[in-house]
Amino acid sequence: MTTAKKRFSLTERDPERSLEFEFIRATEHAALNCVHWIGRGDKEGADAAACDAINGTFDHIDMRGEVVIGEGQKDEAPGIFLGDRLGTWAPGSPKFNIALDPIDGTTNISKGLPNSISVMAAVIAPEQGPAMLNIPTFYSEKLAYGPQVADAMRRDKSLAFNLDTPVEEIVEKTARILGKNVHQVVAVVLDRPRHERIIKGIRKMGAALRLISDGDVTAAIAPSLPDSSVDLYLGIGGSPEGVLTAAALRALGGDQQLRMWVRDDDERARIASDPATKNLKKIFHADDLVMGSSAIFCATGITSSWLLPGVKLVGRKATTHSILMRARSRTVRYIQAVHDLDHKTIYLRSKTRETLI
Ligand code: VTB
């Protein structure tokens with residue numbers, strides 16, 4: 001009797017273990033619900049469909065989820081925002097802090113381009129304060145690299161680099177750490193005029209540059225994936241995306257340096273009263289952004305990326321590819337699911353009953 005009770009209490013003591021699979025359902029449903037928006041030139045339509053599915057899925061899950069990092073800050077698009085509640089909020093149900101981006105890469109979806117995912121991170125809510133840092137600036141400078149580089153920098157200070165290091169030196173040190181020639185180092189950068197200096201530096205060194213149009217969560221995780229062939233991610237991108245990336249890196253073992261980047265005087269004035277602005281110059285690492293030992297990261301591919309293949313529709317079957325990881329155990333699960341669209345129903349918040357996709 002006592003033994004049986006103990007066995008069941010594992011899930012009670014560690015609600016991540018069972019709820020993590022509900023998170024995957026939410027991103028799967030978001031991906032499935034926005035698949036018909038691919039290529040239709042309507043970012044908002046796709047985003048609204050993804051949010052509807054995420055909200056609808058959580059409306060049936062007993063948990064108390066508070067969104068501590070949402071979207072909308074940057075795009076002013078439809079979204080799930082800071083302070084929103086996910087789950088039934090049944091009394092006594094597990095309490096989580098949640099960061100999410102129903103779609104990272106809405107422009108890519110609207111154009112039918114690769115590299116879009118539905119992504120979220122969750123951390124068991126601490127007694128005090130959020131478990132994930134809500135960065136008040138729209139953008140941050142980012143520099144992400146894999147576990148081998150992170151470990152080498154910790155061991156040998158002469159190999160270390162940071163956001164202030166000239167890009168040429170970053171590339172050269174990365175090559176040295178990885179035992180590669182400089183021209184074999186692969187660096188990913190968002191294709192934006194603000195990155196002219198970084199792009200020039202990478203090209204000058206003869207390293208391999210991969211410019212992307214949007215979606216830097218997958219790009220910043222890529223160096224920590226064993227088979228991505230990407231070594232570095234550099235540049236200025238969305239701050240919430242940086243925190244989502246940090247949750248993944250806590251489970252994969254790589255790292256990301258992040259520093260707030262103020263766009264203009266209007267933004268400086270807008271955030272002036274935010275206590276976080278005392279850290280404007282600080283370089284954060286993954287474990288400063290996502291704190292504590294409990295962190296779940298999950299994502300489902302919508303269109304294909306370094307991280308995940310996109311949704312594949314063949315006849316009445318849809319195949320989704322997702323990744324689910326926990327920082328505590330460092331387990332990385334790849335979950336491929338085949339959905340029979342004649343039978344598959346999902347909950348949408350906009351509808352009162354389960355609907356076919
Ligand atoms: C960044 C990046 C995102 O949009 O925020 C980018 O982090 C926006 O950059 O992953 P611009 O404002 O310069 O267009 C994404 O690529 C997609 O939301």
Side-chain angles (χ1 to χ4, degrees), residues 27 30-31 34 37-38 41-51 54 69-81 99-121 132-144 163 187-199 210-223 230 232-249 256-264 266-267 284 286 289 297 299-308 310:
T27 56
C34 66
W37 295 92
I38 296 174
D42 183 354
K43 308 198 305 178
E44 272 83 23
D47 215 16
C51 291
I54 289 181
I69 290 151
E71 47 159 10
Q73 263 181 320
K74 180 164 64 63
D75 300 301
E76 282 150 31
I80 299 176
F81 303 105
L100 90 177
D101 198 349
I103 301 174
D104 185 34
T106 46
T107 306
N108 298 346
I109 290 194
S110 74
K111 294 181 176 172
L113 290 171
N115 197 18
S116 58
I117 54 170
S118 179
V119 54
M120 62 195 299
M132 289 179 271
L133 211 64
N134 183 26
I135 308 275
T137 50
F138 284 0
Y139 294 104
S140 292
E141 295 173 78
K142 306 177 196 176
L143 170 57
L163 282 166
V188 181
V189 179
L190 274 169
D191 191 5
R192 298 289 188 278
R194 62 180 179 261
H195 296 147
E196 197 188 334
R197 165 80 194 85
I198 295 177
I199 292 170
R210 304 283 181 265
L211 289 173
I212 55 165
S213 56
D214 269 296
D216 74 350
V217 175
T218 62
I221 295 174
V230 174
L232 287 168
Y233 168 73
L234 311 96
I236 294 164
S239 300
E241 286 86 347
V243 180
L244 283 162
T245 300
L249 299 186
Q256 172 192 242
Q257 299 181 21
L258 180 146
R259 182 167 55 200
M260 293 179 232
W261 191 75
V262 183
R263 262 192 305 190
D264 50 28
D266 281 353
E267 180 167 54
F284 294 99
L289 299 169
F297 174 93
T300 301
I302 306 173
T303 59
S304 296
S305 65
W306 279 292
L307 189 61
L308 293 161

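In each ligand, atom 1 is the first atom listed, and ligand 1 is the first ligand listed. Source: prediction; values computed, not measured.
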Judged by heavy atoms only, the candidate from Ile212, Ile103, Asp104, Val119 nearest atom 17 (C) of ligand 1 is Asp104
Return the option from Arg194, Arg192, Lys43, Lys142 holding the heavy atom at the smallest distance from atom 14 (O) of ligand 1. Arg192
Can you find an N/O atom of Gly238 closer than 3.5 Å to an N/O atom of ligand 1?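 There is such a contact, yes.
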Indicate yes or no: does an N/O atom of Gly237 lie under 3.5 Å from an N/O atom of ligand 1? no
side-chain hydrogen bond (donor to acceptor under 3.5 Å, both in side chains) with Arg259: which residues, sequence neighbours excluded?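 With neighbours one apart ignored, the set is Glu141, Asp164.
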Once side-chain hydrogen bond (donor to acceptor under 3.5 Å, both in side chains) is applied, do any residues pair with Thr27, and if so which ones, sequence neighbours excluded? Thr300
Return yes when Tyr139 approaches ligand 1 closer than 4.0 angstrom through a heavy atom, no otherwise.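 Judged by the 4.0 Å heavy-atom criterion, Tyr139 does count as contacting ligand 1.
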Minimum-distance pair of heavy atoms, taken over all atoms of Gly301 and Ile117: CA-CG2, 4.1 Å
Are Ser116 and Asp104 packed together at the side-chain level, in the sense that at least one heavy-atom pair is separated by less than 4.5 angstrom?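 The answer is no; the side chains never approach within 4.5 Å.
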Test item: Asp214 and Arg192 side chains (from C-beta on) under 4.5 Å apart, heavy atoms: yes
Within a distance under 4.0 Å of any heavy atom of Asp214, pick out the atoms of ligand 1 and give their elements.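 By the 4.0 Å cutoff, the relevant atoms are 4 (O), 6 (C), 15 (C), 16 (O), 17 (C).
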